[in-house]
Amino acid sequence: MDKWLKKDLEFIWHPYTQMKDCRDFPPVLIERANGIKLYDDKGRFYYDTISSWWCNVHGHNHPRIKEAIKRQMDSLEHVLFAGFTHKPAILLAERLISISPKGLTKVFFSDDGSTSVEVALKMSFQYWQNNGIRAKTKFVSLDSGYHGDTFGTMSVSGVDLFNKVFSPLFFRSYKIPSPYCYRCPMGKKRDSCGIDCVEPLSELLKGRSREIAGIILEPLVMAAAGMIIYPKEYLMKVAALARKHNVHLIVDEVATGFGRTGKMFACEIAGIKPDFMCLSKGITSGYLPLGVTLTTDKVYKAFYADYKENKTFYHGHTYTANPICCSAALATLKIFEEEKTLEKARKIMPLFAAGLERFRQLPSVGDVRHIGLIGAIELVKDKRTKKSFNFKERIGLKIYREGLKRNLILRPLGSIIYLFPPLCVKKDEIEDILNRTYAVIKDI
Ligand SMILES: Cc1ncc(COP(=O)(O)O)c(C=O)c1O
C-alpha cells in the first residue's frame with residue numbers, strides 16, 4: 001500500500017466509514033481539483049458527481065473565490081462575533097436577506113448544516129418560552145428526514161441506519177410519514193392522490209398543537225433519505241397547516257439551497273414563507289464551513305428585551321461568522337449573478353432529466369426522480385413488487401467501487417444512486433457522467 005495511505009489508516013478515523021473496509025479498499029488520495037473534476041496523486045481524474053457532499057456549486061479551484069479568500073486573509077482572519085463585527089458578515093447578511101423568501105429579515109451565523117438547524121430548533125423553542133407559552137416544547141419531523149449529526153438534529157431526524165443506536169438519548173419529537181411517492185405511505189398513486197399523506201400531520205396538529213413548537217422538514221428533496229423528491233403541494237399544505245395551528249415552520253435548505261432545484265431556494269418553488277430557514281453547504285460553494293439561520297422580525301423581537309428579563313439567545317460558536325468564510329460566501333453569491341449560474345444550469349436541467357429517464361428501462365431500476373440538478377435512481381430486486389436490496393448485500397459499496405473504476409464518485413444511499421453535480425457542470429460533462437453511470441448500473 002502507498003505510504004500516504006498507510007499513514008492515513010494509521011492515524012485517521014474517517015466519517016461515515018467502516019474503517020475495516022479500508023484495509024482492502026483504502027480512501028482515494030486526492031491531490032488537486034479543477035472545475036467538476038478531482039485528481040488523485042497519480043493524475044487520474046474523478047467526476048465530482050456529488051459536489052463533494054453536496055456543497056460545491058461553482059466548481060473547484062474557482063479563481064474568484066480563491067481571490068476573495070486570499071484578499072480577506074490579508075486584512076482579518078478571525079475575530080470573536082460577540083461585541084465585534086466586520087464588513088464581510090454585514091454584507092453577507094444583507095445579501096442573504098435580499099435573496100431569501102420575504103419575511104426572513106435576521107441572520108444568525110454558525111458553522112455548518114447541523115449547527116444551523118440546532119440554532120433554529122433552539123430559537124423556536126425559546127421563542128415560545130420567552131412569550132410565556134411554556135407548553136410548546138415539541139417538534140414534528142418527517143420519519144425519514146435528515147438534519148445533521150448532533151443530538152438535537154438527530155432527535156428530529158429519522159434515518160435509522162445512522163441514528164438508531166443513539167435514540168435513547170434523543171429528546172422526544174413527533175414523527176409523521178414521509179411523502180415518498182414511489183413508496184406512498186398511504187398506498188396511493190401520485191397522479192390520482194390528493195396529497196393524502198399530509199393527513200397525519202393535520203390530525204396531529206388538531207389534537208396537539210398546544211404542545212408543538214415547530215415543524216421541521218427538508219423542502220422538496222429529502223436528501224439523505226435517498227433524494228426523495230416530493231410534490232410542492234405537500235410543502236404548501238404543511239406551510240398552511242403550520243400557520244393555521246400557530247406552530248413554526250422550519251425549512252432545512254442545507255442541501256437544497258443555492259440553486260440545486262433550479263431556484264435559489266427550494267421553498268421558492270412552493271411559494272411558502274417559513275419562520276426559519278437553515279443554510280450551509282453551497283453557501284461558500286463548498287470552499288469553507290459556514291452555517292446560517294434566517295428568521296423573522298417576530299422571532300427576533302421575542303428575544304429583544306431588557307437584560308434582566310433573561311430572554312437572550314445564549315448560543316454561539318468560536319468560529320461563528322468567520323470573516324474568511326463570509327468572504328467566500330459573498331464571492332459565491334456574486335458569481336451567481338455575474339456568471340449567470342442559475343440561467344446556465346437551467347439550460348442543462350432538461351438534458352439531465354431526459355438522460356435520467358433513460359435509466360428506467362434497466363431491469364433493476366424501480367424509480368427515477370429528478371428536480372433541477374438533483375437526480376436519483378432507485379434500484380430494486382423486483383420492479384413489480386418494488387422489493388429493495390437488503391442493506392447487508394452492500395449493493396451501494398459495489399456501485400461505489402465500480403463507479404471509481406469509471407471515474408465517477410458515486411456514493412449511493414443504500415440502493416439509491418444519485419447525481420448531485422456542481423451547478424457549473426457543462427453539457428458534455430453531464431452526458432459523459434450519465435453514460436458512465438448507466439454503464440455502472442448495467443454491469444452490476
Ligand atoms: C438537509 C441537511 N441538513 C443538515 C445537514 C447537516 O449538515 P452538516 O453535515 O454540515 O452538519 C445535512 C448534511 O448532509 C443535510 O443534508
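Source: prediction; values computed, not measured. For ligands, and for the atoms within them, numbers begin at 1 and follow the listed sequence. For reference, positions follow the sequence shown, starting with 1.
Those atoms of ligand 1 with a heavy atom of Ala255 less than 4.0 angstrom away are 16 (O). Heavy-atom proximity to Lys281, at under 4.0 Å, picks out these atoms of ligand 1: 12 (C), 13 (C), 14 (O), 16 (O). Within ligand 1, the atoms closer than 4.0 Å to a non-hydrogen atom of Asp252 are 1 (C), 2 (C), 3 (N), 4 (C), numbered from 1 in the order shown.
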- Task: In sequence, state the C-alpha distance, the side-chain angles, and the governing distance for Asn56 and Tyr287, and then conclude on side chain to side chain donor-acceptor pair (under 3.5 Å).
- Result: CA-CA 7 Å; Asn56 193 288; Tyr287 281 61; 4.9 Å; no

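Between His60 and His58, a ring centre-to-centre spacing not shorter than 6.0 Å is recorded.
Closest protein heavy atom to atom 11 (O) of ligand 1: Ser114 OG, 2.6 Å. Counting only heavy atoms of the protein, atom 12 (C) of ligand 1 lies nearest to Tyr146 CE2, 3.5 Å. Scanning all protein heavy atoms for the shortest distance to atom 16 (O) of ligand 1 gives Trp54 CZ3, 3.3 Å. Shortest contact from atom 10 (O) of ligand 1 to any protein heavy atom: Gly113 N, 2.9 Å. Atom 5 (C) of ligand 1 has its closest protein heavy atom at Val254 CG1, 3.7 Å.
Ring geometry, Tyr418 versus Phe420: the interplanar angle exceeds 60°, so the pair is classed perpendicular (tilted spans 30 to 60°). The aromatic rings of Phe303 and Phe313 sit perpendicular, their planes meeting at an angle over 60°, well past the 30° parallel limit. Taking the six-membered ring where tryptophan is involved, the planes of Tyr146 and Phe162 are perpendicular, since the angle between them exceeds 60° and thus also 30°.
No donor-acceptor contact under 3.5 angstrom links the side chains of Arg64 and Ser285, judged on distance only.
Counting heavy atoms closer than 4.0 Å to ligand 1, residue Glu218 contributes side-chain atoms (C-beta onward) but none from N, CA, C or O.
In this structure, Arg401 is positioned above the aromatic face of Phe25, its NZ or CZ under 6.0 Å from the six-membered ring centre and within 45° of the axis.
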